[in-house]
Structure formats: structure tokens, C-alpha cells
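Reviewing the structure listed below.
In this text the structure is predicted, and so the values were computed from the model without any measurement.
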Amino acid sequence: MSSEKTAITPTRAQDFPEWYQQVIKAADLAENSETRGCMVIKPWGYGIWELIQQQMDRRFKATGHQNAYFPLLIPLSYLEKEAEHAEGFATECAVVTHHRLEAVKDPVTGKTKMIPAGELAEPYVIRPTSETIIGAAFARWIESYRDLPLLINQWANVMRWEMRPRLFLRTAEFLWQEGHTAHETRQEAIDETRLMHGQYEEFMREHLAIPVIPGEKTENERFPGAEMTFTVEAMVQDKKAIQAGTSHYLGQNFSKAQNISFTGRDGTVQHAHTTSWGTSTRMIGTLIMAHSDDDGLVLPPRVATQQIVILPITPKEDSKQAVLDACQALAETLRHQCYRGDPLRVHVDSRDLNGGVKKWEWIKKGVPIRIEIGPRDIETRKICVQRRDQPISEKDFSDKEAFLQRATDILAEIHDSLLARATEFRDTNITPCNDLTEFHAHWTNDNPGWLLTPWSGTREEEEVLSKQHKINIRCLPIEGVVLPSSGDECFLTGKETTVRAIWGRSY
RNA sequence: CGGGGCGUGGCGCAGUCUGGUAGCGCGCCUCGUUCGGGACGAGGAGGCCGUGGGUUCGAAUCCCGCCGCCCCGACCA
């Protein structure tokens with residue numbers, strides 16, 4: 001940092017959780033609402049979500065999925081059908097029990113209170129996830145193998161009554177997408193699960209500039225009711241892990257519970273193999289924690305609500321209009337360019353405010369490129385270009401024409417530099433380990449990062465270690481993930497194994 | 001659900017112990033001076049002090065109840 005004073009107090013090093021909250025506030029992304037555990041997503045934050053939606057949705061369509069929409073309220077009996085699933089979500093369910101309010105006057109205070117009336121014969125659960133209600137529809141829709149695969153996605157809100165909410169990372173209500181598919185065979189369903197898992201990994205890397213480790217969850221960490229759960233795990237700047245997306249192979253658990261069956265090619269009645277996969281507004285929390293610095297938010301260009309902000313410098317009244325015109329003209333030219341398939345999002349901030357105030361506002365909002373144009377620049381045909389991934393004091397007075405040639409390249413460079421920075425951070429904080437003593441010693445520190453170990457332990461052994469150090473196995477990285485070697489013998493059992501486990505603290 | 005803390009103008013707080021009818025900083029509005037930069041001066045707007053009851057001549061302040069929020073745990077995308 002160029003100066004000792006930072007725009008965000010405290011800094012990451014001083015108090016990471018508080019820093020996170022302050023970044024959100026300074027960037028005007030969201031705020032806590034009067035409704036417990038729920039947030040108001042403000043335009044600058046919602047803009048990020050809209051871009052994530054658009055870009056992800058394109059990937060879903062390109063892989064053959066269609067969007068649909070299902071009810072917010074799920075009959076309680078639906079949830080009861082899959083025992084493990086019901087149990088997994090039971091403690092987080094908000095329940096709707098009435099359908100009417102009656103006005104009752106308090107005899108003492110004289111005030112009117114609205115009292116729930118009209119109790120429902122069967123309560124509804126506000127969806128914590130939609131497997132059961134979508135499964136019920138699938139059961140109606142699917143009759144023949146010719147109806148398969150059925151590839152559906154839903155963009156929706158869900159509710160999980162979390163004990164300890166945190167903006168974007170864990171809110172009682174959150175926005176997400178949930179894919180639900182049904183297939184003829186086990187292998188096809190597993191392929192689908194892996195396909196979407198791969199899509200998530202790619203999305204995080206190519207759109208959010210977050211390097212995630214794709215892996216499988218252990219039995220302990222699996223989605224309730226799933227046979228396999230795949231995850232993409234991100235490391236954020238306090239070295240904790242965040243599960244940024246999951247993809248589940250549900251086997252025939254849900255199809256048997258809900259009778260999602262079809263007549264097969266051989267004429268026999270079979271149960272479908274189903275999958276589900278989801279990502280949420282938690283991705284926004286992840287990207288904040290992955291990229292932002294002590295001066296505020298740093299946005300990866302593809303999901304930046306505005307990618308380029310132009311600040312007119314108008315020191316003299318007589319040249320003011322010329323400067324404003326030049327700024328608008330530049331913005332318009334830039335908007336005709338595309339970066340990764342989308343027109344550039346360019347904003348001219350012509351508010352009548354002190355330049356410094358405006359500049360810092362956009363720094364805190366994480367805009368990738370800031371441009372300043374003043375009267376002098378019009379004469380010299382130059383512009384002042386500043387990048388959010390570089391120190392605040394860094395200025396590049398470049399030729400306007402040259403900048404127009406390079407604008408999208410600069411956005412690409414910013415994306416690459418964010419990704420490279422995050423990758424380096426992650427890699428230096430993954431420590432290979434195949435020794436139990438070292439393993440125990442590692443977790444005595446506050447922010448120790450991840451351990452990578454050979455692993456052949458049981459579910460129970462995993463649980464003991466997890467409880468002891470408040471950690472868990474974040475994932476067993478899938479084949480093809482290149483990680484530092486840590487031997488072939490399990491650090492706990494000593495048995496030979498090809499399985500690797502990543503251990504860490506998590507959000 | 002356990003343990004702690006807090007509810008006072010938009011935000012952050014002081015005032016509460018030792019009752020007398022509300023103050024500071026930031027922000028906001030106006031005017032002016034500045035300004036290739038998070039500047040300064042002057043003036044101004046904005047509060048039934050979370051809520052219900054009680055004590056009192058008088059309650060932000062004391063007593064009782066309720067509600068809400070935040071932080072730390074167990075749970076989780």
C-alpha cells in the first residue's frame with residue numbers, strides 16, 4: 001500500500017471478520033435488515049449477483065438444462081419422505097402453520113394486534129432446498145426412458161434458519177440456483193454430477209478469478225440423502241475454507257422415496273438416478289474475502305457491476321463542458337467493445353462532488369479500471385488510467401487511442417493477476433503432511449492454513465480429529481488436481497493409500 | 001439452544017452509577033473559499049432516548065416485564 005492510511009478500518013491483519021463487514025459497508029453491497037438473519041442486497045451487490053446469474057445461466061443452457069420454477073412452500077409430508085434428508089434439514093426449517101390473520105384489540109392498551117388464525121391441516125415448510133417438491137413433479141413427468149434425461153434448473157430463494165448469520169456467507173434467506181436432474185442409469189447421473197461440478201470449478205476460476213480445489217466430500221460431510229457429494233473449496237485470505245458450490249449424486253434414494261420411475265428399454269419399471277447441484281449468493285462473500293484489500297472491495301472484471309468508471313476532472317468552469325463531453329464520448333466508444341462476450345460496462349461519474357471523494361468511493365467499490373480525464377488530457381489526447389489490482393498511487397498516462405486498443409486486454413490482465421495472486425496465496429498455505437505429531441502441532445495456531453495428507457481413516461477417526469481441532473476434511477481432491485506430494489502412507493493409520501485429504505477450518 | 005454485550009437524530013457513540021426534561025463526531029442541506037482530488041469556513045435540518053407497565057412533582061437515567069440486534073460457541077451453502 002502506498003500510504004499507511006487505509007480506506008478500511010480495521011485492516012485484514014487486525015481483525016479479519018470485522019474487516020469483511022466494513023468492506024461490504026464501504027462498497028455499499030448489502031446491509032442487515034430488520035428481519036432476523038436476512039439481508040438487503042443493495043444495487044451494487046445485486047448487480048454482481050445478476051452478472052453471476054447471467055453468466056452461469058448461459059453455461060447451464062449450453063449444457064442442455066432448462067429453467068423452471070417450483071413453489072416456495074413445501075408440504076411437510078414431502079420432506080418426510082426421505083428420512084436422512086428430512087433429518088439433515090429439520091433444525092433449520094421455517095414452518096408455515098396458518099393462512100390468515102385476525103385483528104384483536106388489546107383490552108388494556110387498546111392497540112390492535114394481528115393474531116394468526118386459520119390453522120393449516122398440514123403445515124408447509126419454507127424450502128430449505130427443493131429436492132422433494134421437484135422430485136414430486138419429476139414423478140409425474142417421467143414415464144418412459146424417452147423422458148430422460150430430465151435436466152432442470154431453478155433460480156430461487158431458499159430459507160435455512162441459521163443460528164449465526166453473516167452477510168452473504170450465511171443468511172437465513174439466500175438466493176441460489178439449484179439444478180435437479182433425473183437419469184436412466186447410475187453412470188449417466190454420475191457423469192452429470194461431475195459435469196456440473198466441473199462447470200462450477202471453471203466458473204469460479206474464469207469468472208470470479210477464484211482458484212478452487214474440486215474434490216469429493218467424505219461421508220461425514222455429505223449432503224443429507226446423497227450418495228456422493230462433490231465440492232469446490234476456496235481458500236480466502238484468512239486461510240479458512242469456503243465451500244463455494246456442491247454437486248450431488250443422489251443415487252435412487254429420492255426416486256425410490258418419491259417414486260420417480262419409468263419404463264425402461266427392456267420394458268421393466270425402474271427408478272431414476274437423480275442429481276442436484278447448487279451455488280448461492282455465498283459466492284459473493286467468497287469473492288469479497290478472496291480478492292479485497294485494506295482499501296476495500298476488489299472486483300473480478302467479469303462480475304463487476306461497472307468495469308470502468310470515468311471521472312471527469314473539471315478544475316475550470318470554461319472547460320467543464322468539453323471535459324464532460326469527452327468523457328461521455330469515450331464511454332460510448334468503450335461500450336461498443338466486448339470483453340468475454342459482454343459489452344463493456346462503463347460509467348461516467350459526473351456528480352458535482354470533490355474529485356477525491358469520488359475516486360475513493362470507486363476504489364472502495366472495487367471498480368477494476370478508473371479513468372480520469374481533465375482539460376490538459378483533452379489537449380494531449382491522453383487519459384489517466386488506474387487499476388484496482390495495483391497500488392492506489394499508480395497512474396498510467398496513456399494515449400487515448402492506445403487505451404482503446406488495450407481496454408479489454410487490461411480487464412483480462414486484472415482477472416489474471418487476481419487469479420494468480422489468489423492461487424499463489426492458496427498454494428503457499430497448503431502444507432503437505434504425513435505425520436500425526438506434525439498434524440496435531442499444526443492446528444495450535446490461529447490461522448494455520450490447510451493440510452494435505454494421505455488418508456485412509458474411518459468415518460469415526462475423521463470425526464475425532466475434526467472435533468479435537470475444530471477442523472474438517474474439506475474434500476478429497478479429485479484425480480487430476482496437482483498438489484504437493486505428501487507420501488503414500490496415511491498419517492493416521494500408516495496404510496498405503498492414493499486418497500488425499502485436505503483439512504482446514506471453514507466458514 | 002448455552003455464554004457475554006448492546007438498544008439515544010442516517011451511521012458511530014457520550015450522557016444512565018449520583019433522576020430535573022438531549023449532546024459530540026461523521027454524514028446530510030445551503031452559501032462561500034478551495035480542488036488533477038478523500039480540503040476548509042459559516043449557517044441549517046433532523047431525536048415521542050427499543051417497547052409496555054411501575055416509582056416520582058419530574059425518568060434516557062431507578063424497578064419489573066417484553067421485544068430486537070450484535071459478538072463468542074454447537075449447526076450450516
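For A:Lys61, the salt bridge (Lys or Arg N to Asp or Glu O under 4.0 Å) criterion is met by A:Asp57, not counting sequence neighbours. Among residues two or more places apart in sequence or in another chain, the side-chain hydrogen bond (donor to acceptor under 3.5 Å, both in side chains) test is passed with A:Gln53 by none. Under the side-chain contact (heavy atoms from CB on, under 4.5 Å) criterion, A:Asn253 pairs with A:Glu82, A:Glu227, not counting sequence neighbours. For A:Phe425, the side-chain contact (heavy atoms from CB on, under 4.5 Å) partners at least two apart in sequence or on another chain are A:Met235, A:Lys239, A:Asn429. Taking A:Tyr200 as the reference, A:Gln177 meet the side-chain hydrogen bond (donor to acceptor under 3.5 Å, both in side chains) condition, with sequence neighbours excluded.
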Atom pairs, N/O to N/O, protein against nucleotides 31-34 of chain B, distance under 3.5 Å?
none

For nucleotides 4-13 of chain B, print each protein N/O atom paired with a nucleotide N/O atom at under 3.5 Å, atom names and distance only.
| residue | atom | partner | partner atom | Å |
| --- | --- | --- | --- | --- |
| B:C11 | O2' | A:Lys25 | NZ | 3.4 |

Nucleotide N/O to protein N/O under 3.5 Å, stretch nucleotides 43-46 of chain B:
none

Would you list the protein and nucleotides 69-73 of chain B atom pairs, both N or O, that sit under 3.5 Å from each other?
| residue | atom | partner | partner atom | Å |
| --- | --- | --- | --- | --- |
| B:C69 | OP1 | A:Arg36 | N | 3.3 |
| B:C71 | OP1 | A:Gln21 | NE2 | 3.1 |
| B:C72 | OP2 | A:Arg164 | NH1 | 2.4 |
| B:G73 | OP2 | A:Arg164 | NH2 | 3.0 |

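Residue A:Trp360 places its side chain closer to B:G38 than to any other of B:G38, B:G36, B:C75. Here the nucleotide nearest the side chain of A:Arg376, chosen from B:C75, B:G38, B:G36, is B:G36.
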Check: residues 204-213 of chain A side-chain donor-acceptor pairs under 3.5 Å, at least two apart:
| residue | atom | partner | partner atom | Å |
| --- | --- | --- | --- | --- |
| A:Arg205 | NE | A:Glu201 | OE2 | 2.9 |
| A:Arg205 | NH2 | A:Glu201 | OE1 | 3.0 |
| A:His207 | ND1 | A:Gln55 | OE1 | 2.7 |
| A:His207 | NE2 | A:Arg59 | NE | 3.3 |
| A:His207 | NE2 | A:Arg59 | NH2 | 3.3 |

Distance-only donor-acceptor pairs under 3.5 Å for side chains of residues 315-327 of chain A, two or more places apart:
| residue | atom | partner | partner atom | Å |
| --- | --- | --- | --- | --- |
| A:Ser319 | OG | A:Lys316 | O | 3.4 |
| A:Gln321 | NE2 | A:Asp325 | OD1 | 3.0 |

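Taken together, the paired segments of RNA chain B that extend over three or more consecutive Watson-Crick or G-U pairs, each closer than 3.5 Å at both contacts, are B:1-7 with B:67-73, B:10-13 with B:23-26, B:28-33 with B:39-44, B:50-54 with B:62-66.
Under the side-chain contact (heavy atoms from CB on, under 4.5 Å) rule, A:Thr171 has a single partner from A:Arg282, A:Met39, A:Met159, A:Arg166, which is A:Met39.
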